[in-house]
Amino acid sequence: QVHLVESGGGLVQAGGSLRLSCAASGRTFSSYAVGWFRQAPGKEREFVTATSGSGGRTYYADSVKGRFTISRDNAQNMVYLQMNSLKPEDTAVYFCAANILLTTTRTYSYWGQGTQVTVSS
């Protein structure tokens with residue numbers, strides 16, 4: 001069982017940066033891949049980025065490549081999403097999720113409650 005809590009969301013102007021954090025419970029956190037997803041109003045939840053348990057493999061959606069960076073600190077049971085050059089279209093609720101298998105689909109076993117990111121133009 002993995003419990004996830006996101007933080008770090010907020011309001012930022014276009015071109016600005018935010019860093020989201022995902023705190024995880026569980027002694028075997030390093031065994032789990034972690035992904036970030038987002039959901040804008042009226043839209044489906046979409047994949048943003050994911051990393052393997054060791055952090056050695058990462059995937060990014062084309063829309064965030066070069067702007068967002070995922071990282072993890074397994075000693076602290078933390079995963080981060082550094083978001084730079086933010087655009088209004090990045091506005092969404094951001095969720096972190098954990099799964100045994102690394103995937104870009106929404107089939108993650110464990111989900112956090114989400115944190116709101118709003119980018120003003």
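One-based numbering along the sequence shown.
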Nearest-0.5 Å distance that lies between atom CD in Q76 and atom CZ in F29: 11.0 Å
Close side-chain approach of R67 and D90, heavy atoms under 4.5 Å: yes
Donor-acceptor pair, side chain of N74 and main chain of G53, under 3.5 angstrom: yes
Approximate separation, where rounding is to 0.5 Å, of R72 CZ and S54 OG: 7.5 Å
Single-linkage hydrophobic cluster V12~L20, side-chain heavy atoms < 4.5 angstrom: yes
D73 side chain to V79 backbone, donor-acceptor under 3.5 Å: no
Pair listing, ring-ring contact (aromatic ring centres under 6.0 Å, His included) test, anchored in residues 38-95, at least two apart: F37-F47
All salt bridge (Lys or Arg N to Asp or Glu O under 4.0 Å) counterparts of E89, not counting sequence neighbours: none
Rounded distance (nearest 0.5 Å) linking atom CG of L4 with atom OH of Y108: 11.5 Å
Distance in Å, S7 OG paired with M78 CE, rounded so as to fall on 0.5 Å steps: 6.0 Å
Single-linkage hydrophobic cluster, 4.5 Å side-chain cutoff, V2 and V5 together: no
Side chain N99, main chain A33, donor-acceptor under 3.5 Å: no
Gap between atom CD of E6 and atom SG of C96 - 0.5 Å precision: 4.0 Å
NZ or CZ of R106 within 45° of W111 ring axis and under 6.0 Å: no
Separation of S121 OG from K87 NZ (nearest 0.5 Å): 14.0 Å
Side-chain donor or acceptor of T91 paired with backbone N/O of V119 under 3.5 Å: yes
Side chains of S71 and Q82 in contact at under 4.5 Å (non-hydrogen atoms): no
N/O donor-acceptor pair under 3.5 Å between S25 side chain and H3 backbone: yes
Closest heavy-atom pair and its distance - S17, S85: OG-N, 4.3 Å
Side-chain heavy atoms of R38 within contact of K43, under 4.5 Å: no
Pairwise side-chain contact, R19 with L81, heavy-atom cut-off 4.5 Å (strictly under): no
Side chains of L86 and L18 in contact at under 4.5 Å (non-hydrogen atoms): yes
Donor-acceptor pair, side chain of S52 and main chain of R57, under 3.5 angstrom: yes
Whether over 12 other heavy atoms sit under 6.0 Å from E44 CD: no
For T105, all residues meeting side-chain hydrogen bond (donor to acceptor under 3.5 Å, both in side chains), sequence neighbours excluded: T103, T107
